[in-house]
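On a predicted model such as this, the values are computed, not experimentally measured, just so you know.
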Amino acid sequence: MAHVGVVFGGRSVEHQVSIRSARAVAHGLRQAGHRVTPFGIAQDGCWVDAGAAAAVLEGEQRTIPPAGKPIAPTVAVLLGAGVEVVFPVVHGSWGEDGSLPGLCEMLDLPYVGPGVTASAVAIDKLFTKRVLAAAGLPVLDCEATSRADFERRPGAFLERLERLPLPLFVKPRNGGSSVGVRRIDDRAAAEDAVRFALRFDDLVLVERGVSGRELECAVLGYGEIEASAVGEIVPRAGFYDYAAKYLDDSARLVAPADLPPATADRLRHFAAAAFAAVGGAGLARVDFLLEGDAGLYVNEINTLPGFTAISMYPRLWEISGLPLPRLVDRLVAIALDRHRDRRRLDVAIKSWLSELP
Ligand SMILES: Nc1ncnc2c1ncn2[C@@H]1O[C@H](COP(=O)(O)OP(=O)(O)O)[C@@H](O)[C@H]1O
Ligand SMILES: [Mg+2]
C-alpha cells in the first residue's frame, strides 16, 4: 500500500480529458489498496487545495476554473500532503511534456511515467522522428518550418513541400488531441494549414499522409518493456480529429485489431523499441499508421495516454490480462523502483566525490 498523489487538470487543452482520466486512475489505485490524495490544477495552472480537488474527482465537475492565484506557492499543497508517490495525469503541455516529472525530480518524489528527457522528446513530434529514425525505426518523411522562417519566406517552404506526395498532414510540433492538425488534399490549401498550425506552436511539421489503418499499442515496464495487444482506431469519416476524439464520439475503438499475427508482432516489437529509443520508463501508448499490408510507421509516442473508461491504454492492458487495478499498481511499483535507482546514483556520486583527495 502506498500513499499516491494523483495530479490532474492543468493548463493544456486536454484539461477536461485529464479529469476523466484521473477519476479512472484514482478508482483503480483504490481498488488495488492504495491511499489516494487528489491534486487538482486549475486551468490557469494554480494548484487547488485537497478538498476542492477531491470534490472535482468525486463529482461531476468538468473543469477546474482559473483560480487567479500565483502558481508557485500553491505547489505547497503537494508538499504538505506527504504523498509517497506522484501519479501525474496531466496530458499535454505543462505536464506530460516533462514539466511535471521535472517538478517531482526537484522535490525528490517518486513519480509514475518516464523522466524529463523521454517525456520532452516524446511530446515533440520532430525530435521523436529524429530519435526513432536514428534507431532504425520507420517514421514518415516530413518537412518542418519555424514561424520565423515561414514568415520570412513562405514560398520557399511551400516549394519544399512539392517533393511530398498528397495528401499531406500539417501539425504543430508539440500538439495533442489533434489540435491544429489538418489534412490537405490540395497544395493550394497548404499555406493556410501551416498558418493555422502555427497558431498552436512555433514550429510546424508537414508529413506525407498515409491512407490506411491507425493502430495503437500500450507499453509498460522499466528496463524490460512489455507490449500489449494491438488496438485500432476507426474514424467514421476523415481522420481522428478533435471532434472524433471528444465531441461526437464517432470513431470506433477496436481491440484487439484484426491483424495477421506477424504484423501484430512486428508492431509490438516496434512499440517497445520506440519506447526504449526515447529512453522511456513506466508507460506509453505508441501509435502507428499502417499503409497496405506491410507499410508500418510509428506516428507518435504518448507518455501519458488517456485513462478514461473508454481509453485505449487501459483497455489494451485489460484484454492482455492486466486489469486497471493491477496496471496502476505495477506503475506505482515501477515509480518506486526507479526512484530507488536514482537515489543510488546520487549516493554513488556523492561517495565518489567524498573520496577525492
Ligand atoms: N501522416 C499521417 N497520415 C495519416 N493520418 C495522419 C497522419 N498524421 C496524423 N494523422 C491523423 O491525425 C490524427 C492526429 O495526428 P497525431 O500526429 O496523432 O497528433 P496528436 O498528437 O494531436 O494526436 C491521427 O490520429 C491521424 O488520424
Ligand atoms: Mg495522436
Out of curiosity, does [Y] fall in the hydrophobic cluster containing [X] (side-chain heavy atoms, cut-off under 4.5 Å, transitive links)?
X: Leu322; Y: Tyr222; value: yes
X: Ile319; Y: Leu220; value: no
X: Val170; Y: Val179; value: no
X: Tyr111; Y: Leu109; value: yes
X: Val328; Y: Leu336; value: yes

In plain terms, say whether [X] and [Y] are close enough for a salt bridge, that is, a side-chain N and a carboxylate O under 4.0 Å apart.
X: Arg340; Y: Asp337; result: yes
X: Arg343; Y: Asp108; result: yes
X: Glu214; Y: Lys245; result: no
X: Asp341; Y: Arg338; result: no
X: Arg182; Y: Asp192; result: yes

Roughly how far, to the nearest 0.5 Å, is [atom2] of [Y] from [atom1] of [X]?
X: Leu316; Y: Leu327; atom1: CG; atom2: CG; value: 10.5 Å
X: Leu100; Y: Ser119; atom1: CG; atom2: OG; value: 9.5 Å
X: Lys171; Y: Leu205; atom1: NZ; atom2: CG; value: 7.5 Å
X: Ile233; Y: Met312; atom1: CD1; atom2: CE; value: 4.0 Å
X: Asp186; Y: Ile184; atom1: CG; atom2: CD1; value: 8.0 Å
X: Asp97; Y: Ser99; atom1: CG; atom2: OG; value: 3.5 Å

Tell me, which pairs form a salt bridge (Lys or Arg N to Asp or Glu O under 4.0 Å) where one or both residues lie in residues 347-357, sequence neighbours left out? Asp346-Lys350
Once salt bridge (Lys or Arg N to Asp or Glu O under 4.0 Å) is applied, what residue pairs with a partner in residues 285-306 remain, sequence neighbours excluded? Lys125-Glu300, Arg208-Glu291, Glu216-Arg285, Arg285-Asp287
Hey, could you give me each pair passing ring pair (Phe, Tyr, Trp, His ring centres under 6.0 Å) that has a residue in residues 200-219? Not counting sequence neighbours. Phe196-Phe200
Short question: side chain of [X], backbone of [Y] - any donor-acceptor pair under 3.5 Å?
X: Arg173; Y: Leu126; value: no
X: Glu96; Y: Leu304; value: yes
X: His34; Y: Met1; value: no
X: Ser12; Y: Trp94; value: no

Remaining members of hydrophobic cluster (4.5 Å side-chain criterion), [X]:
X: Val254; answer: Val234
X: Val181; answer: Phe169, Phe239
X: Phe270; answer: Val121, Phe127, Val131, Leu132, Leu137, Val139, Leu215, Val219, Ile225, Val230, Leu259, Leu267, Phe275, Val278, Val286, Phe288, Leu290, Leu296, Val298, Ile301
X: Tyr297; answer: Leu140, Val210, Leu289

Any side-chain heavy atom of [X] sitting closer than 4.5 Å to one from [Y]?
X: Val56; Y: Phe8; answer: yes
X: Leu29; Y: Val6; answer: yes
X: Arg163; Y: Asp141; answer: yes
X: Gln61; Y: Ile19; answer: no
X: Ile123; Y: Thr303; answer: no
X: Val90; Y: Pro88; answer: no
X: Phe157; Y: Arg160; answer: yes
X: Ile41; Y: Ile64; answer: no

For Glu318, what residues pass the salt bridge (charged side-chain N to carboxylate O under 4.0 Å, His left out) criterion, not counting sequence neighbours? none
Apply side-chain contact (heavy atoms from CB on, under 4.5 Å) to the pair Phe150 and Val204, showing each step before the final yes or no. CA-CA 10 Å; Phe150 192 72; Val204 161; over 6 Å; no
Write down the atom of [X], the atom of [Y], and the distance for their closest heavy-atom approach.
X: Leu203; Y: Ala144; result: CD2-CB, 4.0 Å
X: Ala294; Y: Arg266; result: O-NH2, 3.2 Å
X: Cys217; Y: Ser228; result: SG-O, 3.6 Å
X: Arg213; Y: Asp258; result: NH2-O, 2.9 Å
X: Pro167; Y: Asp185; result: CB-OD1, 3.6 Å
X: Glu207; Y: Cys142; result: CB-CB, 3.6 Å

For the [atom1] atom on [X], are there more than 12 heavy atoms of other groups (residues, nucleotides or ligands in this structure) within a distance under 6.0 Å?
X: His3; atom1: NE2; result: yes
X: Met106; atom1: CE; result: no
X: Glu162; atom1: CD; result: yes
X: Arg252; atom1: CZ; result: no
X: Arg187; atom1: CZ; result: yes

Can you list, pair by pair, the side-chain donor-acceptor contacts under 3.5 Å of residues 66-79, counting residues two or more places apart and other chains?
residue: Thr74; atom: OG1; partner: Trp47; partner atom: N; Å: 3.0
residue: Thr74; atom: OG1; partner: Ile71; partner atom: O; Å: 2.6

With sequence neighbours left out, write down each residue that passes side chain to side chain contact (heavy atoms under 4.5 Å, CB included) with [X], or none if nothing qualifies.
X: His27; answer: Gln31
X: Arg62; answer: Gln16
X: Arg236; answer: Ser250

Test applied, side-chain contact (heavy atoms from CB on, under 4.5 Å); reference residue, Phe39; option that passes from Leu57, Val48, Val83, Val86: Val83
Could you walk me through whether Ser311 and Thr308 pass the side chain to side chain donor-acceptor pair (under 3.5 Å) test, one step at a time? CA-CA 5 Å; Ser311 291; Thr308 72; 2.7 Å; yes
Donor + acceptor pair across side chains of Ser21, Ser18 (<3.5 Å): no
